[in-house]
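Notes follow once the structure below has been shown.
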Amino acid sequence: MSPNPPVVVHDVTALGELVAGARRQGKRIGLVPTMGALHEGHLSLVRTCRSECGFTVVSVFVNPSQFGPSEDFGKYPRTLEADVQALASVGTDVVFAPASDAMYGPGHATWVEVGAVAEPLEGQCRPGHFRGVATIVLKLFNLVGADVAYFGQKDYQQTLVVKQMVRDLDLPIAICVCPTV
Ligand code: PAF
């Protein structure tokens with residue numbers, strides 16, 4: 001039997017209500033942050049999340065602040081319908097797919113800089129990339145209020161950046177790094 005299709009929400013109030021409901025039932029909340037265009041690697045993160053958490057939230061948000069000026073944010077694939085279908089096949093409770101202006105309101109001015117770990121490698125060829133990643137990941141952590149978040153080992157430097165931020169800011173969330181698929 002295939003699992004129930006996910007509830008797709010676009011605003012933070014609806015997200016908060018669903019997560020609060022799961023919390024009241026004593027469920028462990030897991031978050032898989034993505035930018036959509038989902039493939040088997042993402043689905044393997046969702047499967048792990050489901051095996052460890054009673055409530056799985058997958059965020060789908062193409063984060064403008066992690067793209068450089070010469071990178072084509074506009075051309076990044078946006079395939080929400082297919083993503084939701086794929087997530088239904090593995091089981092997901094909520095897909096959080098906010099509009100761009102819901103995440104960066106007018107006057108947004110606060111950014112997360114994680115220091116040395118973000119500087120070499122990808123940080124060098126994509127200046128500002130990890131600042132955008134850390135900022136959106138922190139916002140997602142705050143909005144979802146998950147107990148644990150799942151990231152792929154494939155994005156190795158990103159996992160170091162996220163772990164550094166969680167340690168330095170005492171964020172009440174566990175980070176699970178899953179093998180590359
Ligand atoms: O790895 C990604 O897809 C993105 O960097 C993330 C973590 C969803 C933040 O936008």
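Remember, it's 1-based here, ligands and their atoms both numbered in the order they're listed. When reading the values below, keep in mind they use all heavy atoms of this one structure, side chains included, and skip hydrogens, waters and symmetry mates.
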Item to check | Aromatic contact, F61 with F96 (centres under 6.0 Å) | outcome: no

Next on the checklist: Determine whether E52 and Y150 satisfy the following criterion, side-chain hydrogen bond (donor to acceptor under 3.5 Å, both in side chains), listing intermediate values before the conclusion.
Outcome noted: CA-CA 11 Å; E52 297 181 352; Y150 295 81; 2.6 Å; yes

Item to check | Close-contact set for ligand 1 against T34 heavy atoms, below 4.0 Å | outcome: 8 (C)

Checklist outcome for this item: Of all protein heavy atoms, the one nearest atom 2 (C) of ligand 1 is Q158 NE2, 3.9 Å

Next on the checklist: Starting from atom 10 (O) of ligand 1, what is the nearest protein heavy atom, named by residue and atom, and what distance separates them?
Outcome noted: Q66 OE1, 2.6 Å

Could you list the donor-acceptor pairs under 3.5 angstrom formed between side-chain atoms of residues 101-119 and any protein atom two or more places apart in sequence or on another chain?
unit_1 : atom_1 : unit_2 : atom_2 : d
Y104   : OH     : N63    : OD1    : 2.7
Y104   : OH     : S65    : OG     : 2.8
H108   : NE2    : T110   : O      : 2.9

Checklist outcome for this item: A student checking ligand 1 against I136 at a 4.0 Å heavy-atom cut-off should list atoms 9 (C), 10 (O)

Next on the checklist: Show every side chain to side chain donor-acceptor pair (under 3.5 Å) that has at least one partner inside residues 13-26, sequence neighbours left out.
Outcome noted: R23-D147, Q25-K27

